[in-house]
Trainee: 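Sharing a structure, written as structure tokens. Questions coming.
Numbers for residues simply follow the sequence, beginning at 1.
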Amino acid sequence: RRIHQKDARLPVCVRVYAEELDDPKLKSSIENLLATINCQPNEVLLVLDAANLSYENPVELAAMLTHGVNSLPFLHKWAALAISLCSLPSKPVTPPNQVTEFARDDWLVYATMREHYLNRDLIRMPIFSDYGTENTDFGPSKPVWPATQLRYSTDKSLFVFKGQNTKVGGYKGIFPVAKRLTKHSCFSGRRFSHGDAQIADLAQRSERPGNASNWKQYGITHHLSLVHEQVAKLIGVSLVEQDAISSDENQQGNLFDAFS
């Protein structure tokens with residue numbers, strides 16, 4: 001509230017959990033919150049967080065969320081509307097020196113919602129958002145020896161490439177993990193994104209091994225580029241071909257106006 005009062009031009013973000021959609025007091029709760037902050041819906045980015053729902057049946061979930069979005073208070077008044085999805089298990093298990101594949105059903109849910117929108121069943125199409133290569137239980141790193149691992153997303157899957165714990169094999173253990181990833185059919189090539197270039201350098205041992213934060217960054221940078229491409233294709237926006245390595249900037253923002 002203090003920050004918004006200091007500069008009303010700064011946008012406000014309000015998160016509503018999908019589990020709250022059936023609450024008869026949802027509208028009054030939002031009204032009370034906006035009154036406390038002293039702002040109007042047209043100054044707010046509303047995020048509908050559906051990350052904790054079951055993704056066992058993406059088609060049914062998309063239908064349920066379509067109904068949920070349609071029932072949101074002040075639906076047409078929000079400055080922007082986004083939906084946050086996550087189908088990755090809360091505790092994805094990958095044994096050392098193994099590769100595990102998880103379905104990206106969150107994207108399938110969103111793509112199905114887009115079909116509902118085109119069929120005029122969904123009144124307002126929300127902006128896509130997700131938890132990247134993480135799950136809903138992510139938090140501050142604990143003082144432990146991290147495992148060497150890289151998380152890598154594709155159109156339909158999220159792969160976890162895992163090596164040894166750094167206490168056993170040291171941080172150079174990321175080199176064979178990166179090599180295994182670049183040899184895998186899921187790898188998009190070093191020119192796809194800055195993160196892909198970093199992974200390719202690790203595979204060739206031409207880069208320092210880095211640490212767990214670096215490895216996570218490479219996967220997220222790739223994921224942002226992938227989602228940028230997916231959203232563009234979904235809504236029919238043409239992307240200008242460019243050298244992905246020359247810029248590490250996330251350009252998803254220029255797609256937001258297409259949903260208005």
Trainee: What about Leu33 and Trp78, same hydrophobic cluster or not, with Ile/Leu/Val/Met/Phe/Trp/Tyr joined at side-chain heavy-atom distances under 4.5 Å?
Mentor: yes
Trainee: So, taking the atom named NZ in Lys162 and the one named CD1 in Ile174, what distance separates them when rounded to the nearest 0.5 Å?
Mentor: 12.0 Å
Trainee: Hey, does Leu202 have a side-chain heavy atom less than 4.5 Å from the side chain of Glu207?
Mentor: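 In short, these two side chains touch, coming nearer than 4.5 Å.
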Trainee: Locate the shortest heavy-atom distance separating Pro95 from Thr100; write the atom from each residue and the value.
Mentor: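 Distance-wise, the nearest heavy atoms are CD-OG1, 4.3 Å.
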Trainee: Does any part of the side chain of Pro176, heavy atoms only, come nearer than 4.5 Å to the side chain of Arg205, both counted from C-beta?
Mentor: yes
Trainee: Whether Arg190 and Asp196 form a salt bridge (side-chain N of Lys/Arg under 4.0 Å from carboxylate O of Asp/Glu) is what I want to check.
Mentor: no
Trainee: Let me confirm one number: the OH-CZ distance from Tyr110 to Arg104, rounded to the nearest 0.5 Å.
Mentor: 12.5 Å
Trainee: Checking Tyr152 side chain against Ser188 main chain: does a donor-acceptor pair fall under 3.5 Å?
Mentor: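 Yes, the answer is positive, given that a donor and an acceptor are paired below the 3.5 Å cut-off.
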Trainee: Between Tyr55 and Cys86, is there a donor-acceptor pair closer than 3.5 Å when you use the side chain of the first and the backbone of the second?
Mentor: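 At least one qualifying donor-acceptor pair exists.
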Trainee: How long is the span from the CD atom in Gln230 to the NZ atom in Lys233, to the nearest 0.5 Å?
Mentor: 8.0 Å
Trainee: His67 and Asp121: side-chain donor and acceptor closer than 3.5 Å?
Mentor: no
Trainee: Would you say Thr182's side chain and Ala200's backbone share a donor-acceptor pair under 3.5 angstrom?
Mentor: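 Here the side-chain-to-backbone pair does not exist.
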Trainee: To the nearest 0.5 Å, what is the distance between CD1 on Ile83 and CG on Asp130?
Mentor: 11.5 Å
Trainee: Will you find, in the side chains of Gln98 and Arg180, an N or O donor that is under 3.5 Å from an N or O acceptor?
Mentor: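 Per modelled atom types, Gln98 and Arg180 side chains form no pair under 3.5 Å.
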Trainee: So, do Pro89 and Asn135 sit near enough that their side-chain heavy atoms are less than 4.5 Å apart?
Mentor: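 No, their side chains stay 4.5 Å or more apart.
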Trainee: For the residue pair Phe128 and Trp107, does the interplanar ring angle fall in the parallel (under 30°), tilted (30 to 60°) or perpendicular (over 60°) class?
Mentor: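 The arrangement is perpendicular - the two ring planes meet at more than 60°.
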Trainee: Kindly indicate whether the side chain of Ile123, heavy atoms from C-beta on, has any atom under 4.5 Å from the side chain of His76.
Mentor: yes
Trainee: Thr133 vs Leu88, test: side-chain contact (heavy atoms from CB on, under 4.5 Å). Steps then yes/no.
Mentor: CA-CA 8 Å; Thr133 58; Leu88 189 66; over 6 Å; no
Trainee: Considering all heavy atoms of both residues, which atom of Ser157 and which atom of Glu101 are nearest to each other, and what is their separation?
Mentor: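 It is OG-OE2, 2.6 Å.
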Trainee: Does the Ser87 side chain pair with the main chain of Asp106, one donor and one acceptor, at a distance under 3.5 Å?
Mentor: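 Looks like yes, one N/O pair under 3.5 Å.
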Trainee: Looking just at side-chain N and O atoms, do Asp23 and Tyr17 make a donor-acceptor pair shorter than 3.5 Å?
Mentor: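 Looking only at side-chain atoms, Tyr17 and Asp23 do not form any donor-acceptor pair under 3.5 Å.
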Trainee: Verify, without hydrogens or angle tests, whether Ser206 (side chain) and Asp201 (backbone) share a donor-acceptor contact under 3.5 angstrom.
Mentor: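 The answer is yes, because a donor-acceptor pair under 3.5 Å joins these two groups.
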Trainee: Mind listing the closest non-hydrogen atom pair of Ala62 and His116 along with its distance?
Mentor: O-CD2, 4.0 Å
Trainee: Indicate yes or no for a side-chain donor-acceptor contact from Asn214 to the backbone of Asn211 under 3.5 Å, with no hydrogens or angles considered.
Mentor: yes
Trainee: Work out which heavy atom in Phe102 is nearest to a heavy atom in Thr94; give both atom names and the distance.
Mentor: CE1-OG1, 4.4 Å
Trainee: Tell me, do Val109 and Leu65 make a side-chain contact under 4.5 Å, heavy atoms counted?
Mentor: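 They are in side-chain contact.
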Trainee: Between CG of Leu234 and CE of Met125, what distance do you get to the nearest 0.5 Å?
Mentor: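 Here the interatomic distance stands at 6.5 Å.
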Trainee: If you define the side chain from C-beta out and look only at heavy atoms, does anything of Leu34 sit under 4.5 Å from Pro41?
Mentor: yes
Trainee: Quick check on the hydrophobic clustering: are Leu158 and Val99 connected, directly or via other members, by side-chain heavy-atom contacts under 4.5 Å?
Mentor: no
Trainee: Run the side-chain hydrogen bond (donor to acceptor under 3.5 Å, both in side chains) check on His223 and Ser153 step by step: do they pass?
Mentor: CA-CA 6 Å; His223 183 76; Ser153 53; 2.8 Å; yes
Trainee: List the steps, then state whether side-chain contact (heavy atoms from CB on, under 4.5 Å) holds for Leu45 with Val14.
Mentor: CA-CA 6 Å; Leu45 161 63; Val14 172; over 6 Å; no
Trainee: Any chance you could lay out the side-chain contact (heavy atoms from CB on, under 4.5 Å) test for Thr66 and Met113, step after step, and finish with the verdict?
Mentor: CA-CA 6 Å; Thr66 293; Met113 291 182 69; 4.0 Å; yes
Trainee: Among Phe187, Phe192, Phe159, whose ring pair (Phe, Tyr, Trp, His ring centres under 6.0 Å) with His222 holds?
Mentor: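 That would be Phe192; it is the only one of Phe187, Phe192, Phe159 passing the ring pair (Phe, Tyr, Trp, His ring centres under 6.0 Å) with His222.
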Trainee: Say you draw a straight line from CZ of Arg15 to OG of Ser84; how long is it, rounded to the nearest 0.5 Å?
Mentor: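 Arg15 CZ to Ser84 OG: 7.5 Å, rounded to 0.5 Å.
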Trainee: Ser193 and Ser225: which non-hydrogen atoms are nearest, and at how many Å?
Mentor: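 Closest approach of Ser193 to Ser225: CB-OG, 3.3 Å.
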Trainee: Got Leu48 and Leu46 here, is their nearest side-chain heavy-atom distance under 4.5 Å?
Mentor: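 Of all side-chain heavy-atom pairs linking Leu46 with Leu48, none is under 4.5 Å.
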Trainee: With clusters defined by side-chain heavy atoms of hydrophobic residues (ILVMFWY) lying less than 4.5 Å apart, directly or transitively, does Tyr131 cluster with Val160?
Mentor: no
Trainee: Do the side chains of Phe175 and Tyr218 join up, straight or via other hydrophobic residues, at under 4.5 Å, putting them in one cluster?
Mentor: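 In one cluster: yes.
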Trainee: Taking a hydrophobic cluster as the set of Ile, Leu, Val, Met, Phe, Trp and Tyr residues connected by side-chain heavy atoms closer than 4.5 Å, whether directly or through intermediates, do Ile235 and Leu85 fall within one such cluster?
Mentor: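 In one cluster: yes.
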Trainee: Glu229 side chain to Leu226 main-chain N or O, any donor-acceptor pair under 3.5 Å?
Mentor: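 Checking the backbone N and O of Leu226 against the side chain of Glu229, no donor-acceptor pair under 3.5 Å is found.
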Trainee: Counting distance only, does the side-chain N/O of Thr166 pair as donor-acceptor with the main-chain N or O of Pro146 below 3.5 Å?
Mentor: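 Yes; at least one donor-acceptor contact below 3.5 Å.
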Trainee: Do any N or O atoms from the side chain of Asp105 and from the backbone of Leu108 form a donor-acceptor pair under 3.5 angstrom?
Mentor: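 Not at all, since once roles are kept as given, no pair shorter than 3.5 Å links the two residues.
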Trainee: Knowing that exactly one of Gln149, Arg151, His184 qualifies, which makes a side chain to side chain contact (heavy atoms under 4.5 Å, CB included) with Phe161?
Mentor: His184
Trainee: Can you list the steps and then say if Glu60 with Met64 is a side-chain contact (heavy atoms from CB on, under 4.5 Å)?
Mentor: CA-CA 6 Å; Glu60 287 186 4; Met64 186 191 78; over 6 Å; no
Trainee: Would you say the side chain of Val69 lies within less than 4.5 Å of the side chain of Leu81, judging by non-hydrogen atoms?
Mentor: yes
Trainee: Without swapping roles, check the side chain of Lys27 against the backbone of Pro73 for a donor-acceptor pair under 3.5 Å.
Mentor: no
Trainee: Quick one: closest heavy-atom pair of Gly195 and Thr221, and the distance?
Mentor: N-CG2, 3.6 Å
